[in-house]
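What follows is one structure encoded as C-alpha cells, with my remarks underneath.
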Amino acid sequence: MHVAIFCLILLFVATQGLPTPHKSQNSCGYDSCNLGKPDKLNVHIVAHTHDDVGWLKTVDQYYYGSRSEIVNRGVQYILDSVVSALLDNPDRRYIYVEMAFFWRWWNEQSNDTRNAVKQLVNEGRLEFISGGWSMNDEAATHYNSIIDQHALGAEFLHDTFGDCARPKIGWQIDPFGHSREMASLMAQMGFDGLFFGRIDYQDRIPRTLEKKLEMMWKGSANLGRQSWLFTGVLPHSYSGPSTFCFDIHCSDQPIMDDKRLHDYNVPERVQSFINAVHLEAHGYATNHIIITMGDDFQDQNAHEKFKNLDKLIHYVNLAQENGSNVNVFYSTPSCYLYALNKAERIWTSKSDDFFPYASVPFAYWTGYYTSRPALKRYERYTNNILQVTRQLNGFSQKNLRNNIFYLSEAMGLAQHHDAVSGTEKQHVANDYAQRLSDGIDQAVEVINDAYAQLLPREGQTVPVARQFLCPYSNISECPPIEGANQFTVTLWNPTIHPVTIHPHVPVTREYLIRDPQGNLISAEYLPISETMKNIPGRTSSAQYQYLFQASLPALGYNTYYFEAKADEMKTEYKKVTVTQNQACILQNEHLRAEFDSLGDLRSITNFDKKLVVSVLNQGFYWYESHPGDRTTPELAPSGAYIFRPLIPEAVPVSLLRTINCTQTDTVQKATIVFNEWISQEISLYRGASAIEVEWTVGPIPIEDNKGKEIIIRYNTNIDSGSKYYTDANGREVLERIRNHRPTWPYFVDEPISGNYYPINSRIWIRDNDRQLTILTDRSEGGGSMYDGSVEIMVHRRVLHDDSLGVNEVLNETAYGKGLVVTGKHILIVDRPEDSARLHRSGAQQMFMHPLATYSIPNTSSYANYSNVYRQSWSALSDVMPLNVHLLTFDQLALKQYLVRVEHYFELNEDETYSQPVTIDLQALFKSIGTINEMTELILTANLPLSELNRLDWMTKEGESSHVDMLQQQSLKETTITLNPMQIRTFQITID
C-alpha cells in the first residue's frame, strides 16, 4: 500500500515538473518571454481559441451557447474555463483576440475575477493579440472601418488593463486572403508583427521549400519604413499538428502516462510530436517554430487541453536526455516574434499582397468579394452615418459619445471576416443588419440633440422638429413626408471641402423648394422609373421625384424647405425631352456619351482633354455557377466563398434592350432595360466631370436550376496590355497583371476567378493617353479578362454550398422573391496623369456622402421657419486643401477630441496634389474653441507616438526597418504637415 502511494506521488511530481521558464514572473510584454535554448529547436506552444463574432450562429448565440442544434459552442464558458486553467499553473499562457466577446464577458465578472485576470495580464500569462472588436475581413472592408474597429477594442483594453494589454501583434488567422493595406495599418497601429493562416496553395509550396514563410512585408508604396511589418505564415492554418488536438470536441488520444495501463502512449506521442515539429522546421529559417494549439471555439474545457499540454511539454523535454534537440514551452505570438527578432537574421521582403487566395486547385475564394451585396452596401452606408454622428456630436458639444457606442459596436461586429464578407448563414446576416439598424436608431437620437443645438438662430430657444432618415430613399420611398404640407431636407456634408450633389426626393404632391437663402429652386419634377416602382417590397405611393442641385458648405449643412403648392397654382417646369429607342447623346460642358438606338453605349468623350474612348460593349452578363462534382468532392462548386464559373465565358443577360433618354436642364440620362430583372440608368449632370451608372439587378431567376453570377462589363478600345489596377481597402492602388503573380510562377487553373481581385472603391485600366476609372459604392469583385475590358460582379445567387463550413447556399430572398439590389458606379475618362485628381476626391465624396435628414416643422410658412432657424452653417471658415481628408472627429469628453487627418493622394499621382501639405488643425475648432494641447498618438489612439518603440529588422536587401519616432509628446503648435498617404492621429484639448 505504501509503495503504491509512493509511486503515485512520483508520478504526480513527474507530470507536474515542467522546465523552469526563462521569464520574469511579474512583467508583461517582451520581458515576460521565454526565449528558449540557443542549441535547441525551440517550439513555442500558443494556446488559443478562434471565436467568430458570428458565422453559423449570431454573436449572442455564440456567446451564450444557445442554438446548440447548429453547433454546441459557448464563448462565455471558454473564457470561464481558460481563466480558471491559467490560475492553476503559473507557466501556462494563453492569447485572446475578439474584444466583442471579451468585453461582454468582462462586464459580467466579479471584482475577484477581474483582479485575477488583471494579474494574469500584468504577468504576461494572458495576452491580447490584435485586440480589435473582431478579426476583420481584408477584402471587403474599408480602411476607415478597419481603424475604427481596432481603435474600439484598443480603447477598451487600455482603459481596463493599461499598457500591459496593448496589442503588439496582428493575428489574422482566418481571413481569406490578405491586403497590403492591412499590413500598413497594423504597422501604424504600433504592431511589431503579423501572423496569418491562409495563403494560396501555389504560393505556400515555394515559400516552404525556400524557408520564406516569414518575411518583411512592405505595406505601403508611399509611407516607407513606418509601414513595414514583419509577417509570418502559420504552419497549420491555425490548428495544431495532426493527432494533437486536446479539446473536448476532438477525438485525438490524450497523453496517457501511467505505465501500468495498457493504453500507455507516452513514447509514441512524444516521437510523433518530435517528428511533426521537425517536419515543420523545414519551412522556417531559425531554430524557433510556432505551434498553434487551438481552433474554432475551443477550450470550453480548457483544463483538458492544458493538462495534456503540460504532460506533452514535460515528456518531450525529457527526451532531450536521450539526444532530442526539441525544446518546447508555452509561449505567445509576441514572444515567438521576439525570439525571431533576437535571432538577428536578415529576411526576405514582399511588396505586393496575398490576393486572390486559392485553398486548393480550382477553389478561388473570390466570390465573397461580392457575396451579399446589399449587406455590403448597408455597412458602407452605416459608416457614413457613424462619422456624421460623431461630427455633429462634436461640433454641437453635446458629449453623447456613450450613446454612439451602440453604432460603433455594431460596426465593429460588421467588419468580421464572416460578416461584411457575406459568408455567414442567412439568419446571422439578418442579425448583423438588425444591429446596424438598431445602432442607427441610437445615432439618430444624437443627431437630433446635435441639430437642436446647431439649427436655431442665436438667441432662439424654440423646439426643433424631429429629424429622421429615409433609409428607403434608394428605392425612391420616404413614407413620413408623403402628403406633408411642408417638410425640410437638411444635408450635412462630412467632408472638409464644399461639394455639389443632386438629391432625389420622392413626393406625392408638388412643392415649391427654397434654398438656404430663401430663393426658389428650379427643380426637375421627374417620374420615378417603372423598374423602381416595381421593386418587391416598395410600398410608397410616390410616382414622382424632385431632382435639384445642392451646393453644400464644407463640414456643415444646408436646409432646403419644401412647401406644398396650392391646388390652383399653375405648374411650370422647364422642358423635358424624352426619346424612346432612338440614338441619343448625353452631353455637358465636359463630357459626351453616345448611345445607339439599340441601347448600346458607343463612346465617351472628354472635351477638356480632347480624348475619346470607344466603347465596344457595355452591359450585363452572367456566369453559370459551377455545381460541383459529386464524384470529385475536392472540386468545389461556386458558393458564398468560392467563385467558380462552369465555363470561362459570360453570357449576355439579354440579346435585346430598350433605351429611353431624358434630357433636362439639370441632368441627361439614358434608362436602359435589359430584361424584367436588370436595368441601368446612365446619368450626366450639369457641370459634372464623371458619368453615373445606377444599376438594378434582381430577382435573379433560378427556375432553370442554374446559379448565376451577374457582372457588369465595360469593353473599350483602351490598349491596357493585360494590366489593371485595383485599390486596397479604399486607399493605395496595386497593379494587377492577368494570369500572373509577382512572387511565384503562377499556373492558371481558373482563368476567370483566378484573375478576380477585391474592388473596395475603384478599378481602372489605361494606356499611354487614356484612363477609364470606375468607382464603386461598396466592395465588389472584378478584374480585366481581356485587354480594354473591365468587369465587376454586382450580384450572386448560387444554388450549391461550397463545403467550406457555412453549410448553406447563397440564395438571398426578400418578399418571397430573389433579392433585388441597386447600386452605383461612377465612370471617369481622363489622361492617366490627371485621373487621380478626380478619382481620389470622387471616391472620398462617394464614401463620405452628405447625409440627408428630414423633418416636418411646425411652422406656418417659410418666412416663419427662416426667422427661427439657421439654414446654412459650416464649422470651417478657411478653405482646406483638396488632398486632405478629415477621417475622424470624435468628442471624447467635454473639452477633449480625437482627430485623424490624412493625405489621401499617393506619391507621383498628381503634379499638384501628390506633394506634402500643411494645415492648421485650429481651423477645425474655430466654431467651438481654441486648441490648448495636442498629443500625437499611434493610429489606434492608445499610445503617444513618441512612446512607440517597434522592433527593428533587416532585409536581405540590406535595409533596416528602423524609424525614428517623434520625441515630443505634447504639441503646442497646431500646424502640421502631411505626406502622401499619411494618417496622423491627435488627442486635442480645447479651451
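In this text the structure is predicted, and so the values were computed from the model without any measurement.
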Pair up each side-chain donor or acceptor in residues 550-558 with any protein partner under 3.5 Å, not counting sequence neighbours, and list the distances.
{"unit_1": "S551", "atom_1": "OG", "unit_2": "T500", "atom_2": "OG1", "d": "3.3"}
{"unit_1": "Y557", "atom_1": "OH", "unit_2": "L454", "atom_2": "O", "d": "3.2"}
{"unit_1": "Y557", "atom_1": "OH", "unit_2": "R870", "atom_2": "O", "d": "3.4"}
{"unit_1": "N558", "atom_1": "OD1", "unit_2": "S872", "atom_2": "OG", "d": "2.7"}
{"unit_1": "N558", "atom_1": "ND2", "unit_2": "S551", "atom_2": "O", "d": "2.9"}
{"unit_1": "N558", "atom_1": "ND2", "unit_2": "Y560", "atom_2": "OH", "d": "3.2"}

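Looking at R457, its side chain does come within 3.5 Å of a backbone N or O of S866 through a donor-acceptor pair. T776 places a side-chain N or O within donor-acceptor distance of the main-chain N or O of R778, the cut-off being under 3.5 Å. A donor-acceptor pair under 3.5 Å links the side-chain atoms of R538 to the main chain of S476, judged by distance alone. Between the T508 side chain and the G483 main chain, a donor and an acceptor come within less than 3.5 Å of each other. A donor-acceptor pair is defined here as one N or O able to donate and one able to accept, closer than 3.5 Å; no such pair exists between the side chain of N588 and the backbone of L684. The closest donor-acceptor contact from the side chain of S914 to the backbone of E911 lies at 3.5 Å or more, if one exists at all. Between the H504 side chain and the S473 main chain, no donor and acceptor come within less than 3.5 Å of each other. Side chain of E524 to main chain of T666: a donor-acceptor pair is present (N/O by atom type, distance under 3.5 Å, no hydrogens or angles). For E477 (side chain) and T539 (main-chain N/O), a donor-acceptor pair under 3.5 Å exists by modelled atom type. Using a distance-only test at 3.5 Å, with no hydrogens or angles considered, a donor-acceptor pair links the side chain of Q391 to the main chain of P494.
Donor-acceptor pairing under 3.5 Å is recorded for the side chains of Q871 and Y862. D438 and Q442 share no donor-acceptor pair across their side chains, judged by distance under 3.5 Å alone. No side-chain donor from either of N883 and Q915 sits under 3.5 Å from a side-chain acceptor of the other. Between the side chains of T488 and Y869, no donor N or O sits under 3.5 Å from an acceptor N or O. Donor-acceptor pairing under 3.5 Å is lacking for the side chains of N932 and T989. Between the side chains of E482 and S540, a donor-acceptor pair is found at a separation under 3.5 Å. For the residue pair H502 / E692, no side-chain donor-acceptor distance below 3.5 Å is found, with atom types taken as modelled. At a cut-off of 3.5 Å, with distance as the only test, a side-chain donor of N485 or R509 sits close to an acceptor on the other residue. A donor-acceptor contact closer than 3.5 angstrom is absent between the side chains of S396 and Q453.
Ring geometry, F468 versus Y854: the interplanar angle falls under 30°, so the pair is classed parallel (tilted spans 30 to 60°). Aromatic ring orientation, F562 versus Y511: perpendicular (interplanar angle above 60°, classes split at 30° and 60°). Using bins of under 30°, 30° to 60° and over 60° for the plane-to-plane angle, the ring pair H885/Y904 lands in the perpendicular bin.
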Checklist entry - Which is it for K895 and I990 under the side chain to side chain contact (heavy atoms under 4.5 Å, CB included) test, yes or no, and what are the steps along the way? => result CA-CA 5 Å; K895 297 291 184 180; I990 63 172; 4.0 Å; yes

**Request:** Start with the C-alpha gap between R837 and D910, add the side-chain angles, then the distance that decides, and say whether salt bridge (Lys or Arg N to Asp or Glu O under 4.0 Å) holds.
**Result:** CA-CA 7 Å; R837 190 173 309 197; D910 187 272; 3.2 Å; yes

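A salt bridge links E445 and R466; the closest N-O separation between the charged side-chain nitrogens and carboxylate oxygens is under 4.0 Å. Residues R401 and D890 are paired through a salt bridge, judged by an N-O separation under 4.0 Å between the basic side chain and the carboxylate.
Remark: T696 pairs with no residue by the side chain to side chain donor-acceptor pair (under 3.5 Å) rule, at least two apart or across chains.
Within the model, atoms SG of C661 and CD1 of I585 stand 10.0 Å from one another, a figure rounded to the nearest 0.5 Å.
The only option from N384, N383, T389 that meets the side chain to side chain donor-acceptor pair (under 3.5 Å) definition with Q387 turns out to be N383. A side chain to side chain donor-acceptor pair (under 3.5 Å) with Q587 is found for one member of Q663, R592, Q668 and no other, namely R592. Among R840, R984, R731, the single residue meeting the salt bridge (charged side-chain N to carboxylate O under 4.0 Å, His left out) criterion with E902 is R731. For the side chain to side chain contact (heavy atoms under 4.5 Å, CB included) criterion with S779, the lone passing option out of D727, N760, V420, I759 is N760.
Within 6.0 Å of OH on Y406 lie no more than 12 heavy atoms contributed by other residues, nucleotides or ligands.
Put simply, the side chain of V868 does not reach to within 4.5 Å of the side chain of T859, judged on heavy atoms.
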